[in-house]
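Presented below is the structure to which this report refers.
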Amino acid sequence: MLDQIHWLAAVTVLGVLEQAYFFLQVIYARRLFGISPPKISGPPEFERIFRAQVNSSEYFPIFLALLWQAGLFFHQGLAAALGLLYLYGRYCYFMGYKASSSERLTPIYFSAGVLWILIAVSALGILHFFLSHYVGLNILQLLTA
């Protein structure tokens, strides 16, 4: 069983570490700019870091669900590779947003594109599961034939 999920687990841990890094960046920015919780406004430099972290946190559960669905129902290796691409895109998004709001756009489009691919792979895998188990039709064999 573990050999079927170890790459997904590794990407999940990397994602959690990335989220922790983003959280720490907000803490450092709060100290740098003297902004105590619960305040969420301040200089544009702080607000960009804060928004980048919040946005990344909002999408993290969606990413995790899609990563695991794609890995369990379609292919662990492909899902893990897509997961790494997503995490890379999110890191570039965070660093770009930290520098300038305009530098967040290309990475956010990239990471959103990876999420759409994970959605497609997940849906195909789940569809294959239902069709093969309940109808006896293997769509993956039909696609490769």
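Residues satisfying the side-chain contact (heavy atoms from CB on, under 4.5 Å) criterion with Y109, sequence neighbours excluded, are L105. A search for ring pair (Phe, Tyr, Trp, His ring centres under 6.0 Å) contacts involving F22 returns F94, not counting sequence neighbours. For S100, the side-chain contact (heavy atoms from CB on, under 4.5 Å) partners are S102, E103, not counting sequence neighbours.
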Check residues 82-90 and write down every donor-acceptor pair under 3.5 Å in which the side-chain atom is one partner and the other belongs to a residue at least two apart or another chain.
unit_1 : atom_1 : unit_2 : atom_2 : d
Y86    : OH     : R90    : NE     : 3.3
R90    : NH1    : N55    : OD1    : 2.6
R90    : NH1    : S56    : OG     : 3.3
R90    : NH2    : N55    : OD1    : 3.2

Would you be so kind as to tabulate the donor-acceptor pairs closer than 3.5 Å made by side chains of residues 26-45, with sequence neighbours excluded?
unit_1 : atom_1 : unit_2 : atom_2 : d
R30    : NH1    : I35    : O      : 3.3
R30    : NH1    : K39    : O      : 2.8
R30    : NH2    : K39    : O      : 3.0

What donor-acceptor contacts under 3.5 angstrom involve side-chain atoms of residues 57-74, with partners at least two apart or in another chain?
unit_1 : atom_1 : unit_2 : atom_2 : d
S57    : OG     : Q19    : OE1    : 3.2
S57    : OG     : Q53    : O      : 3.1
S57    : OG     : Q53    : NE2    : 2.9
W68    : NE1    : T12    : OG1    : 2.8

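Counting all heavy atoms, side chain and backbone alike, N138 lies closest to H128 at OD1-CE1, 2.9 Å. Between Y93 and R51, the closest heavy-atom pair is OH-O, 4.3 Å.
With a 4.5 Å cut-off on side-chain heavy atoms, R104 and S101 count as touching.
By the rule that hydrophobic residues join a cluster once side-chain heavy atoms approach within less than 4.5 Å of another member, V114 and M95 end up as members of separate clusters. Residues F129 and I5 are members of one and the same hydrophobic cluster, defined by side-chain heavy-atom contacts under 4.5 angstrom among Ile, Leu, Val, Met, Phe, Trp and Tyr. In terms of hydrophobic clustering, with Ile, Leu, Val, Met, Phe, Trp and Tyr side chains grouped at heavy-atom distances under 4.5 Å, L137 and F130 are assigned to a common cluster. Under a hydrophobic clustering in which Ile, Leu, Val, Met, Phe, Trp and Tyr are joined whenever their side-chain heavy atoms come within less than 4.5 Å, directly or via other members, V13 and L2 fall into different clusters. When hydrophobic clusters are built by joining Ile, Leu, Val, Met, Phe, Trp and Tyr residues whose side-chain heavy atoms come closer than 4.5 Å, directly or via intermediates, L124 is grouped together with I126.
Taken to the nearest 0.5 Å, the OH atom of Y21 stands 9.0 Å off from the CG atom of L24. Here the CD-OH distance, from E18 to Y91, works out to 9.0 Å after rounding to the nearest 0.5 Å.
At distances below 3.5 Å, at least one donor-acceptor pair connects side-chain atoms of Q76 with backbone N or O atoms of W7.
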